[in-house]
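What follows is a single structure, written as structure tokens, with notes after it.
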Number of protein chains: 2
Amino acid sequence: MPASSTRNLIVETADDLFYEGGFEATSFAHIAAAVGISRGNFYHHFKTKDDMLDAVIARRVKRTHAMLDGWQADGDGPRERILSFVHMLVANRAKIMAFGCPVGTLCCELAKLDHVAQDRAAEIFGLFRDWLTGQFQALGAGDRAEALALHLLVRSQGVAVMATAFRDDSFIRSEVAGIEHWLTTLPDISPSR
Amino acid sequence: MPASSTRNLIVETADDLFYEGGFEATSFAHIAAAVGISRGNFYHHFKTKDDMLDAVIARRVKRTHAMLDGWQADGDGPRERILSFVHMLVANRAKIMAFGCPVGTLCCELAKLDHVAQDRAAEIFGLFRDWLTGQFQALGAGDRAEALALHLLVRSQGVAVMATAFRDDSFIRSEVAGIEHWLTTLPDISPSR
DNA sequence: GACTAATTAGGACGCTTGTCCTAATTTTGC
DNA sequence: GCAAAATTAGGACAAGCGTCCTAATTAGTC
């Protein structure tokens, strides 16, 4: 077992707790209890709590990259790949209703805290935006590709916020159906390559 | 001057600070410094911090009601009234980019905190939903009115989140233009009366 | 003008926070 | 097997938190 497996365990646990309880409200004591190690031990792996946030964001960036690469390699067309993104909302609906979107809620919290990591967290949105832009370009959207990608992000984030506020399960499904219908209305200029 | 003007001042100040810094991160010391009164003085007006949150939410509910009533009395048609709602995004774009939507961010924070006031905060969304539903009904949308209202709330919240994350001014304008175009595509069965 | 009630100031309280320090333990390299 | 390094435990720390208490001040009533 590699020497820094404790560090990975800390980052994984902090990732979950930051998502479910928020960054500010999650204390070292909470993380220590969840991991099962001593409080003072953290400072051998991370200088400050902000360093831990950096590690969590880096982990999320890495996992997002891996997820997008996985969808890219699935062999389906761009329309199916876009649907993979949209269906995250349905697959994660229980957690979204309870805690919102991990990316959106972190960005909003860091904005209020005027935190230095604000832009680094927003870069996860940048990954989705760029990947979706690529898919819409593959659909032949040309110059409109990025605008369509941002529109899809807007609707996804809106669904997440409203689902969290109303805690309504049926709400996510109907909005996703609306997005799916919107996708079918897009002109498919060059469906393959 | 009425006896409880101090109380109103506290609620107004707390409202702003909760919006700009978040509920949890805003302490009594911050509010006391902003109002210019002693810390211990709070507890003559509010039993706990949660009581203060209740008062802030009640104030927001009241002001939202007043705003919707004002739009209702403006004498324009339902389409113009819906635009009044949409144009809030443009009018408040500076604050939205810095702190997000006051309603959406509070609901998301309270969800993560598993706070008892969660549903009361979401009721502000309920006010907008019901009012917008009325406007779409006046447009002749019939059974689809509430779905259209929720769709508009979704897009507005999505714009707010993405504008906060990317801190992009032009982004809000282009998305609002998209919403305005969407409104023109709606069938206007009964434009007047 | 005196008595009562409402309001305010200011500090004490127990607790939690992030951070830091030191000693003990485990792992690693020779 | 031993010395050096990495890792862990556990507590100390100053500061900040929400809450509470008491004394002082102000406002209102007869």
Side-chain angles (χ1 to χ4, degrees), chain A residues 1-58 106 109-110 112-118 120-121, chain B residues 1-58 106 109-110 112-118 120-121:
Chain A
M1 194 172 293
S4 61
S5 85
T6 301
R7 191 194 140 98
N8 290 336
L9 196 60
I10 292 174
V11 175
E12 287 172 24
T13 307
D15 194 342
D16 290 344
L17 293 182
F18 286 174
Y19 172 39
E20 297 176 3
F23 168 67
E24 181 100 342
T26 300
S27 72
F28 276 62
H30 295 136
I31 306 172
V35 177
I37 61 173
S38 165
R39 260 147 290 130
N41 190 2
F42 283 115
Y43 285 83
H44 190 261
H45 299 283
F46 307 97
K47 267 209 285 282
T48 76
K49 196 185 179 188
D50 287 352
D51 277 8
M52 240 174 67
L53 176 61
D54 282 345
V56 167
I57 293 177
L106 181 62
E109 181 181 359
L110 295 182
K112 281 186 199 288
L113 297 176
D114 202 17
H115 199 283
V116 285
Q118 198 175 347
R120 296 198 49 214
Chain B
M1 190 170 297
S4 63
S5 83
T6 301
R7 191 195 139 99
N8 291 336
L9 196 60
I10 292 173
V11 175
E12 289 172 22
T13 307
D15 194 342
D16 289 343
L17 293 182
F18 286 175
Y19 172 39
E20 297 176 3
F23 168 68
E24 181 100 343
T26 300
S27 72
F28 275 63
H30 294 137
I31 305 172
V35 176
I37 62 174
S38 165
R39 260 149 291 129
N41 190 4
F42 281 115
Y43 285 82
H44 189 261
H45 299 282
F46 307 97
K47 267 208 287 278
T48 76
K49 196 185 179 188
D50 287 352
D51 277 8
M52 241 176 65
L53 176 61
D54 282 344
V56 167
I57 293 176
L106 181 63
E109 181 181 359
L110 295 183
K112 280 185 199 289
L113 296 177
D114 203 17
H115 198 284
V116 285
Q118 198 175 348
R120 297 199 48 212

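A, B, ... follow the sequence lines: proteins, then strands. Residue 1 opens every chain.
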Could you check which residues of residues 19-30 of chain B get a heavy atom under 4.0 Å from DNA chain C? Sort them by number, please.
->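 Per residue number, the list is empty: none.
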
Within residues 34-43 of chain A, residues whose heavy atoms come under 4.0 Å of DNA chain C =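 Contacts with DNA chain C under 4.0 Å: A/Gly40, A/Tyr43.
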
Identified side chain to side chain contact (heavy atoms under 4.5 Å, CB included) partner of B/Phe42 from the options B/Lys49, B/Met52, B/Lys47 =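 Single side chain to side chain contact (heavy atoms under 4.5 Å, CB included) partner of B/Phe42 among B/Lys49, B/Met52, B/Lys47: B/Met52.
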
Euclidean distance, atom [atom1] of residue [X] to atom [atom2] of [N] [Å, nearest integer]:
X: A/Ile31; N: C/dT17; atom1: CD1; atom2: P; value: 10 Å
X: A/Ile10; N: D/dT8; atom1: CD1; atom2: C1'; value: 10 Å
X: B/Lys47; N: D/dC21; atom1: NZ; atom2: C1'; value: 17 Å
X: B/Arg7; N: C/dT8; atom1: CZ; atom2: P; value: 12 Å
X: B/Phe46; N: C/dT8; atom1: CZ; atom2: P; value: 11 Å

Okay, side chain of [X], backbone of [Y]: is any donor-acceptor separation there less than 3.5 Å?
X: B/Glu109; Y: B/Gly22; answer: no
X: B/Thr26; Y: B/Leu17; answer: yes
X: B/Glu24; Y: A/Ala25; answer: no

Assign the ring pair A/Tyr43 / A/Phe28 to parallel, tilted or perpendicular, where the plane angle (0 to 90°) is split at 30° and 60°.
->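 Judged by the thresholds at 30° and 60°, the geometry between A/Tyr43 and A/Phe28 is parallel.
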
Report the nucleotide, chosen from D/dT8, C/dT19, C/dA6, that has the shortest atom-to-atom distance to any side-chain atom of B/His44.
->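 Shortest atom-to-atom distance from the side chain points to C/dA6.
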
Is atom CZ of A/Arg120 surrounded by more than 12 heavy atoms (other residues, nucleotides or ligands) closer than 6.0 Å?
->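 Yes - once you tally the heavy atoms of other residues, nucleotides and ligands closer than 6.0 Å, there are more than 12.
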
From B/Thr13 OG1 over to B/Ile37 CD1, what is the distance, rounded to the nearest 0.5 angstrom?
->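 The distance works out to 8.5 Å.
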
In Å, rounded to the nearest 0.5 Å, how long is the span from CD1 of A/Ile10 to CG of A/Asp15?
->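 If we round to the nearest 0.5 Å, A/Ile10:CD1 and A/Asp15:CG are 13.5 Å apart.
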
State whether A/Thr6 places a side-chain N or O below 4.0 Å from either non-bridging phosphate oxygen (OP1 or OP2) of D/dT7.
->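 No.
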
